[in-house]
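One structure coming up, written as structure tokens, with questions to follow.
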4 protein chains.
Amino acid sequence: MRFDETKPIYLQIIDLIFDLILQKRWEEDSRIPSIRELAFELEVNPNTVAKAYNECLDLGVIYNKRGIGYFLSKDSYDKILNIKKEEFIKNEVPNLAKKMRMLNLSIDDLISYINQANIE
Amino acid sequence: MRFDETKPIYLQIIDLIFDLILQKRWEEDSRIPSIRELAFELEVNPNTVAKAYNECLDLGVIYNKRGIGYFLSKDSYDKILNIKKEEFIKNEVPNLAKKMRMLNLSIDDLISYINQANIE
Amino acid sequence: MRFDETKPIYLQIIDLIFDLILQKRWEEDSRIPSIRELAFELEVNPNTVAKAYNECLDLGVIYNKRGIGYFLSKDSYDKILNIKKEEFIKNEVPNLAKKMRMLNLSIDDLISYINQANIE
Amino acid sequence: MRFDETKPIYLQIIDLIFDLILQKRWEEDSRIPSIRELAFELEVNPNTVAKAYNECLDLGVIYNKRGIGYFLSKDSYDKILNIKKEEFIKNEVPNLAKKMRMLNLSIDDLISYINQANIE
DNA sequence: GTGGTCTAGACCACC
DNA sequence: GTGGTCTAGACCACA
């Protein structure tokens, strides 16, 4: 996998994990790839995957059993949706609003831009 | 001033400068604070402000007269407006659209969030 | 059964065995669950229970008859009581005293906490 | 510095940091040793210190400024005292109470043990 | 096999 | 100088 140079790999792995969960490609409450497996697949050092898994642990999105592996939490999907939604409303929307004011754009302008982006 | 830990301070200072220009709080073709003044005000290392000013120089948004100080270019407002608008439509809007799909949000949801943000 | 993540499971199983003996819920000189039975009940790998039983064997707290099973030693209760009491006075009490000094807690504080814990 | 073999070094470093704060040997809101300095002093790999500092960051006990260093939070002393006290009451006291019941020890027994430990 | 910890050393952006 | 990230590889306890 190719990673964006401007963002830490472990953060991109977290994004990847979140996406896989949101797309329901990883099943809740069942085992996910081991650190070594995922590291091999992503062509990345195991420590880097471990760091990503560790952050997900802190967020309660996954849990682990010693000597066995990592598992998705039962409510991982909801948890991530909440995390993302909250972050969206708290941070991105205000930034967006501020930017629109600065660029002198109306909500109608925004809507048309979004529709255009969705078509392309 | 408090800075976001996830983004280089000098980039945040550039954002700040752009904002001040767009809000017409700095006048075109007239002197802006010296590196030291701004560094003192922002509680930041002068090197950091210098780096931000340098980037603005490269963009042609400001110019300097040796021994006198830094000045806003005559067309700084238009320049920035163009830079920002283009970047907004090319990058931010598509990201926004993608995120809305992922979070299963409609345009109406977005509008209500924006209105809410504008009230607060 | 839920185990504490910070301590090896086999040690926690030993603690559990000791508790069962001290609470006289396992009878001296009579058969205790087989490795497989206990492993099934605790939802744990049989190897893990085997490791715990082995330690108990070494301590002389249990013995086994080949092909028949594991049994509590006749003096298991006394043995464990002595082991635990000694360890309590030698290690835990000094640690407790040190911690109380650090947290600036008096003996009266401690007593009230204990009473509260006993009520709940 | 010598570390206990049975416990991860980074956790022991956290304990050390907490002790230094509780003993007021590190001043609040002022700089603490850099990762490299502390690593050198403790004869440990910088990564290990970084891991300890990182956990303290999460707990809000310290904060950092990029390119400058780590600093104690203003309320680090209170924070740690609360963390430790809470952990003491929630975990250690109930364990103590349970153990006393199991070993058939009264509160008076405990008090005499503690006094004895404080004399020695 | 698994995860957890640790080392040695590298490169980078930032101040 | 600082912290942040990442690699390569080691050893250990645990299941």
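Everything quoted here is computed from the prediction, not taken from an experiment. Residue numbering restarts at 1 for every chain, and letters A, B, ... go by the order of the sequence lines.
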Integer-rounded Å distance: dG4(E) C1' and Lys65(A) NZ:
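Answer to the nearest Å: 18 Å.
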Looking at Ser34(A), I'd like to know whether one of its side-chain N or O atoms comes within less than 4.0 Å of OP1 or OP2 on dT2(E).
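For Ser34(A), the contact criterion (side-chain N or O under 4.0 Å from OP1 or OP2 of dT2(E)) is met.
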Once you round it to whole Å, what is the distance between P of dG9(F) and CZ of Arg36(A)?
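Whole-Å distance recorded here is 14 Å.
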Categorize Tyr53(A) for me: base, sugar-phosphate, or nothing, with a 4.0 angstrom heavy-atom threshold over every strand shown.
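Contact class for Tyr53(A): none.
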For Tyr10(D) and dC6(E), is the shortest distance between a side-chain N/O and OP1 or OP2 below 4.0 Å?
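So the side chain of Tyr10(D) is outside the cut-off, no N or O lying under 4.0 Å from OP1 or OP2 of dC6(E).
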To the closest 0.5 Å, what do you measure between CZ (Arg2(D)) and CD (Glu43(D))?
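Answer rounded to 0.5 Å: 9.0 Å.
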Nearest whole angstrom, please: distance from the P of dC14(F) to the CD of Gln12(C).
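Going from CD in Gln12(C) over to P in dC14(F) covers 11 Å.
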Between atom CG in Leu38(C) and atom C1' in dA15(F), what is the gap in whole Å?
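In whole Å, dA15(F) C1' and Leu38(C) CG are 15 Å from each other.
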What integer distance in Å separates Lys51(C):NZ from dA13(F):C1'?
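Rounded to the whole Å, the gap is 7 Å.
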Take Leu22(B) and Tyr77(B) through the side chain to side chain contact (heavy atoms under 4.5 Å, CB included) test and state the conclusion after the steps.
CA-CA 6 Å; Leu22(B) 287 182; Tyr77(B) 181 88; 3.9 Å; yes
Does a nitrogen or oxygen in the side chain of Arg66(D) sit under 4.0 Å from OP1 or OP2 of dG3(F)?
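Indeed not, no polar side-chain atom of Arg66(D) lies that close.
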From CG of Asn54(D) over to P of dT5(F), roughly how many Å is that when rounded to an integer?
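After rounding, the reported distance stands at 8 Å.
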What is the separation between atom CZ on Phe3(B) and atom P on dA13(E), rounded to the nearest whole Å?
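Answer to the nearest Å: 20 Å.
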Taking atom P of dG3(E) as reference, at what distance in whole Å does atom OH of Tyr70(A) sit?
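Distance check: Tyr70(A) OH to dG3(E) P gives 7 Å.
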Judged by each residue's nearest nucleotide on DNA chain E, which is more toward the 5′ side, Leu11(B) or Asn45(D)?
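Nearest nucleotide further toward 5': that of Asn45(D).
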Look at Asn64(D) and dG4(F) and indicate whether a side-chain polar atom (N or O) is within less than 4.0 Å of OP1 or OP2.
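Checking Asn64(D) against dG4(F): at least one side-chain N or O falls below 4.0 Å of OP1 or OP2.
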Under 4.0 Å, heavy atoms only, any strand: does Glu37(D) hit a base, just the sugar-phosphate, or nothing?
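Answer is sugar-phosphate: Glu37(D) comes under 4.0 Å of backbone atoms only.
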Let me spell it out: for each of Thr48(D) and Pro8(B), pick the nucleotide of DNA chain E with the closest heavy atom. Which residue's pick is nearer the 5' end?
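Here Thr48(D) is the residue nearer the 5' end.
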